[in-house]
Amino acid sequence: MSIHAPEANWFKPPSGAERTWIGLALAWCLVLSIMMPYWHFKGKQNSTGDSYRVTPAAFAARVEQFVKTNKVAEINGVPVVEPSPGGDAYLQGQMWRWYPALKLRVNQTYRLHISSTDLQHGFSLQPMNMNFQVLPGYDHVLTITPTMKGEYSIVCNEFCGIGHHLMTGKIIVE
Amino acid sequence: MPENEEKAAEVFAHEHEEEEHKTPGTVVLTLALLISFAVYYFANWKALADVWHVR
Amino acid sequence: MANAVAIPASHEESEVITKPVGNHAAGNSRTCDTTGLPVCLTAQLFIRLNAVLGVVALLAGGIAALLIALTRWPAVHLLDPVWYYRLTTFHGLNMLIFWILFMEVGILYFASTTLLNSRLFSKGMAWASFVMMVAGAVLVDVTILGGKADVMMTSYVPLKAHSNFYLGIILVAVGTLIGVANFFGTLYIAKRDKTYAGSVPLVVFGATAAAIIAVVTLLHGALVMIPTWLWSMDILKEVDAGWYRLVWWGLGHQSQQVNVCAMVSVWYFLATLTTGAKPLNQAVCRGAFVLYILFINLASAHHLLVDPGVGASWKIWNTSYAMYLAVLASMIHGFTVPASVETAMRKKGHNRGLFGWLAAAPWKNPGFSAFFLSLLIFGFIGGITGVTLGTQQINILAHNTLRIPGHFHSTVVGGTSLAFMGLAYYVVPLIFKREYYARGLARVQPYLFAVGIVLMSLGMSFAGSYGVPRRHWDIEFTGAQFAPGFGSGAHVMLGLMGVGAVIAFVGLLTFILLTVAAVFFGKKIENRAMTPW
């Protein structure tokens, strides 16, 4: 009985189907565990958390510098900025926009720096559906390679105040 | 071995035989869990393999 | 139908050893007419108080749940953004913190007194705990509804709420901690006074595991909430966003493991009450609870898998501590619980085929149906989605999407809350000593709630797989600079979520109305056993 004291000699090793199940479950847990280091070395999608301390003001200055040097167009009044392949790109999350819009080349690799100048934000690339956390004070660097052409949107998926649902951005891959 | 003790040992062994439970229904239920688990889990790895590369 | 509760059969096994005597003061205990178990009257008072407050929080959170679900259903889009975000905050705290914690303190009092034949350690501590928890909960709710804390349950810094919001949470946490200390005190005096012989019953063991995890959890809560409270009053200059997330989730996720432990204990309890089930192997069941204590805090890392500030090896190690031993624990309970029911049912002669025992189970008893549906929903939906989402790299696809609430509504609502509802169908007759009215409705209620929660969780999960964010007022992005928009698949899934939420709410309301009617107006049970379900 689960609600009465057990017999005095209750300690015994598992047996029968129970024992088999524990073995099977343990083996499955091992598979689950091994998948992550395996993917870390062999997989192409990893969140390594590569990041650096940065003050919001310093990060905003870097973004401005990046926009000034690499701006190629404008949509909806937002600058479209094209970083050089293999180079650094900057994206600023703030209440309530992702700034600036980015233009990337397919199958080229970029170091995409993302940070926030106010609250926490959630970088959510749609419809690709890739999601990363963005924190003020942390320059989160994604070494990213777009593998498909198209127009993508960035949504904010960390609550950041009353205009949270209006916070969007754009990445164009050509 | 005194007779009494022998009997006690017999009773003990018998009791433990009775403890052997057959639970085939639960085995099927848990195997179904394990299979759905594996399908969902690896379907997610497959979906992950299709997105942009990132490190 | 004398044995409403299937206990007598193995009562003997504990009586063989010795006949321990309780430590109750004269006149401060009674013997339950249904189960023959001793009930400490002080504990009974606080079990009642906690249960009532828990149900009040459940009702408040439930109304908010319906309103926010109807907002996220794009075809309805009920609330304005201010009230959507405000009630999302309100819903999270009332459901995940207040309803659950009130119930859990009640469960701890029950397990340590009735099942150990002991008196409650301290009436004063029980009052202190209760008053602090109520004061804290009221303070939090008033602050939120007054528009001073639109910060979500997680209140991620530097998003700032009024200082009373943090103070209220601290009060609830300290109140709970005092309740947990009272539980340990009761364990101590029961042991000292030898009110029971041998090892504690399995349900008490599970409750102890829950209490130990609760202490660790609440200490994390103090560690993160006190500095944040000081920061909200401008005494501290800054709280680091990354540090906050790390420590907050030591509270946020571990508290869910308290729920898991309490829920599994309730499973064992209800399995025994409704089918006479007994664990096949005590060592296995207890071992699995120990695994929870040792390994469960790893789930805290699952919220930081796509964060900056922590590296790949930190993430991979903390996802599994090299081995998913807490997952193993749940998989073990997932076997031992139904196996104990199967064994008990087969012993009663229900031996036909693979599932004859399951078909013959007491499905009309809401205590059983709630427990078994809780087991199925927790395992098949909650468990599978949880481990998958908590896989380091797969989290890239899932972080902060609706897949996350899809997961935890199937664990903490379809699992824990449903199990607690099943428990209530026994707590009311046995502790409040009142009969339920409309018993036919009570028999249907667990199914109604379960179907609703399953539809809602699946709707959320699959909408999240399309990328739909959580905690988001308008996925049409009306008026935004760029309008991403989501396809028809996502809309269908959000509709499914909405329909499920409405059904679940009807199930919830049925539960609350039945329980309130029973507690306040139900037929009294004096000197007789409860009417069996």
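Chain A is the first sequence line, chain B the second, and so forth, proteins listed ahead of strands; every chain is numbered from 1.
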Listed once per pair and sorted, the side chain to side chain donor-acceptor pair (under 3.5 Å) pairs that draw on residues 478-487 of chain C, sequence neighbours left out: C:D474-C:T478

Going from CE on A:M35 to CD1 on C:I316, what distance comes out if it is rounded to the nearest 0.5 angstrom? 11.5 Å

Segment of C:A241 engaging chain A (4.5 angstrom heavy-atom cut-off): both

Under 4.5 Å from a heavy atom of chain C, the part of A:V141 involved: neither

For C:T336, enumerate each residue passing the side chain to side chain donor-acceptor pair (under 3.5 Å) test, keeping only those at least two apart in sequence or located in another chain. C:Y268

Could you look at C:R286 and say if it's the side chain, the backbone, both or neither that has a heavy atom under 4.5 Å from chain A? side chain

So ring pair (Phe, Tyr, Trp, His ring centres under 6.0 Å) across residues 134-155 of chain A, not counting sequence neighbours, yields A:Y152-B:W52

Any C:L159 side-chain heavy atom under 4.5 Å of A:F159 side chain: yes

C:P469, C:P484, C:G479: which one forms the most heavy-atom pairs within less than 4.5 Å of chain A? C:P484

Beyond-backbone contact of A:N131 with C:N395, side-chain heavy atoms, under 4.5 angstrom: no

Can you tell which of A:F123, A:W98, A:F11, A:W21 has the highest number of heavy-atom pairs within less than 4.5 Å of chain C? A:W21

By residue number, those in residues 164-174 of chain A with heavy atoms under 4.5 Å from heavy atoms of chain C are A:H164, A:H165, A:L166, A:T168, A:G169, A:K170

CD of C:Q282 to NZ of A:K12: how many Å apart, nearest 0.5 Å? 8.5 Å

